[in-house]
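Basis for what follows: all heavy atoms, side chains included, without hydrogens, waters or symmetry-related copies. Atoms within a ligand are numbered from 1 in the order they appear, just like the ligands themselves.
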Amino acid sequence: MKYNITQKKDIGGTDYLLEVEAPQVAERIRPGNFVVLITVPNGERIPMSVQKAEDGKIAMFVKKLGKTSRALDACGECTTLEAVVGPMGKPVELKKFGNVVFVSDLVCGHAENYLFSQVFSKIEGNHMISMQTFPTKDEIYPEEYLAKGLCDEYYLTTKDGSVGLKGHYLEKLKELLDEGRCDIIFGGGDIPSLHELAKLTRPYEVPTIVTVRQIMVDATGMCGSCRVFVSGEMKLSCIDGPMFDATKLDFEDIISRLGMFKEAEAKAMEWCKQQQECK
Ligand SMILES: Cc1cc2nc3c(=O)[nH]c(=O)nc-3n(C[C@H](O)[C@H](O)[C@H](O)COP(=O)(O)OP(=O)(O)OC[C@H]3O[C@@H](n4cnc5c(N)ncnc54)[C@H](O)[C@@H]3O)c2cc1C
Ligand code: FES
């Protein structure tokens with residue numbers, strides 16, 4: 001069975017929106033889950049966060065990084081994906097927390113920010129606060145892809161200050177923490193920024209549940225590549241996560257493992273360019 005691509009378009013920076021028909025996945029996706037895509041026969045399995053699941057379709061934000069994400073972007077005639085597997089991972093509990101904050105500063109974080117804002121703002125008793133950081137004005141997504149219209153309170157920051165507040169969401173988040181306005185924080189983004197988030201929130205003892213983008217190979221708990229340590233206990237991101245309390249994670253270990261396939265990824269990218277499949 002193939003999965004029809006219903007939309008593929010650039011949305012800002014090196015990111016593109018990918019929308020796929022996958023009714024069985026769409027109806028079961030919950031905040032905290034992710035999906036695994038296989039773009040071509042015998043292709044690698046790439047994990048993706050979901051931005052929206054509606055009308056039998058799921059939408060994702062994809063960053064053009066290496067071979068698979070770039071080849072899919074460049075392939076004009078590709079109208080289907082080989083597989084869309086999911087929902088994977090453990091969803092978060094949907095309940096009243098009070099002040100729920102979602103912070104994001106990278107493509108997978110922005111997708112989740114949208115989905116969490118959409119779902120948590122509808123749960124009575126929650127006040128949903130969303131914060132999104134982009135590098136600069138030119139890389140901000142069109143408004144319909146931001147969490148802005150879905151939450152009760154919204155903060156946009158750009159690192160260069162070209163739009164919204166200047167700097168990273170961390171500065172505004174510190175203000176909210178000092179005012180005692182965060183009951184739970186969810187977050188997505190790159191590992192170094194999640195590490196900074198954990199350092200900020202730890203003294204306030206506010207649960208800080210983040211998506212760990214540890215490298216996944218099979219995403220079924222068999223290979224061990226996505227292992228992380230939570231309060232000293234080994235967990236697998238693909239089946240026990242991918243969301244964990246950042247204040248309990250061993251970030252040094254996660255960071256030390258991020259480059260483990262660098263050489264193979266560089267070779268795959270070189271090959272892709274030679275075949276003229278990647279821009
Ligand atoms: C739970 C989860 C959710 C994710 N959500 C998104 C998302 O919403 N949008 C998005 O663009 N990306 C997301 N990613 C990362 C995405 O899976 C990788 O960017 C993708 O696999 C890159 O494949 P590639 O062949 O294009 O690049 P490659 O050349 O294979 O890799 C380029 C870089 O991407 C990272 N990467 C590669 N493979 C993986 C992997 N299997 N898991 C994690 N990181 C990897 C590494 O840092 C690597 O150096 C997510 C990863 C996880 C684990
Ligand atoms: S990706 Fe293999 S165990 Fe998680």
Nearest non-hydrogen partners of Gln24 and Arg28, listed with the distance
O-NE, 3.1 Å
Closest heavy-atom contact between Met128 and Ser117?
CE-OG, 3.8 Å
N/O separation below 3.5 Å, Ile215 to ligand 1:
no
Of Ile46, Val50, Val85, the residue whose pairing with Val35 passes side chain to side chain contact (heavy atoms under 4.5 Å, CB included):
Val50
Between Phe120 and Phe102, does the ring centre distance come in under 6.0 Å?
no
With a 3.5 Å distance limit and no angle check, can you tell me whether Asp240 reaches the backbone of Lys235 through a side-chain donor-acceptor pair?
no
Give the atom numbers and elements of ligand 2 that come within less than 4.0 Å of a heavy atom of Met222.
3 (S)
Atoms of ligand 2, numbered as shown, that sit under 4.0 Å from any heavy atom of Gly221
3 (S)
Can you tell me if CD on Glu233 sees more than 12 non-hydrogen neighbours from other groups inside 6.0 Å?
no
Is the closest heavy atom of Met60 to ligand 1 under 4.0 Å?
no
Have a look at ligand 1 and work out which part of Ser69, if any, has a heavy atom under 4.0 Å from it: side chain, backbone, both or neither.
both
Hey, is the main chain of Met131 close enough, under 3.5 Å, to the side chain of Asn113 for a donor-acceptor pair?
yes
Which ligand 1 atoms, with their elements, are less than 4.0 angstrom from a heavy-atom of Lys63?
10 (C), 11 (O)
Would you indicate which of Ser237, Ala111, Pro242 comes nearest to atom 1 (C) of ligand 1 when only heavy atoms are counted?
Pro242
State the atoms of ligand 2, each with its element, that fall below the 4.0 Å cut-off from a heavy-atom position in Val217.
1 (S)
With a 2.5 Å cut-off on the SG atoms, do Cys223 and Cys226 make it?
no
Would you say ligand 1 has an N or O under 3.5 Å from any N or O of Pro47?
yes
Backbone N or O of Val36 within a donor-acceptor pair of the Arg45 side chain at under 3.5 Å?
no
Quick one: does ligand 2 sit under 4.0 Å from the side chain of Ala219, the backbone, both or neither, non-hydrogen atoms only?
backbone
Under 6.0 Å between ring centres: does that hold for Tyr145 and His110?
no
For Gln214 and ligand 1, answer yes if some heavy atom of the residue is under 4.0 Å from a ligand atom, otherwise no.
yes
Cys238 SG to Cys226 SG via atom 4 (Fe) of ligand 2, rounded to 10°, gives 100°
Glu44 heavy atoms within 4.0 Å reach ligand 1 at atoms 23 (O), 24 (P), 25 (O), 30 (O)
Are Val206 and Leu177 close enough that some pair of their side-chain heavy atoms sits under 4.5 Å apart?
yes
Shortest non-hydrogen contact from Val92 to Phe116?
CG2-CE2, 3.8 Å
Given Arg70, Met243, Met216, which has its nearest heavy atom closest to atom 42 (N) of ligand 1?
Met216
If you measure every N or O of Thr68 against every N or O of ligand 1, does any of those distances drop under 3.5 Å?
yes
Please find out if atom 2 (Fe) of ligand 2 and some N, O or S atom of Cys223 are separated by less than 2.8 Å.
yes
Gly66 heavy atoms, cut-off 4.0 Å: which ligand 1 atoms fall inside?
24 (P), 25 (O), 26 (O), 27 (O), 28 (P), 29 (O)
Could you tell me whether Phe61 and ligand 1 have an N or O pair separated by under 3.5 Å?
yes
Quick one: are the ring centres of Phe61 and Tyr114 less than 6.0 Å apart?
no
Under a 4.0 angstrom heavy-atom cut-off, which atoms of ligand 1 come close to Leu65?
19 (O), 33 (C), 34 (O)
For ligand 1, which atoms have a heavy atom of Val62 less than 4.0 angstrom away?
11 (O)
Atom 2 (Fe) of ligand 2 to Asp218: nearest N/O/S atom name:
OD1
Numbering as shown, the atoms of ligand 2 that approach Gly224 to under 4.0 Å (heavy-atom distance)
2 (Fe), 3 (S)
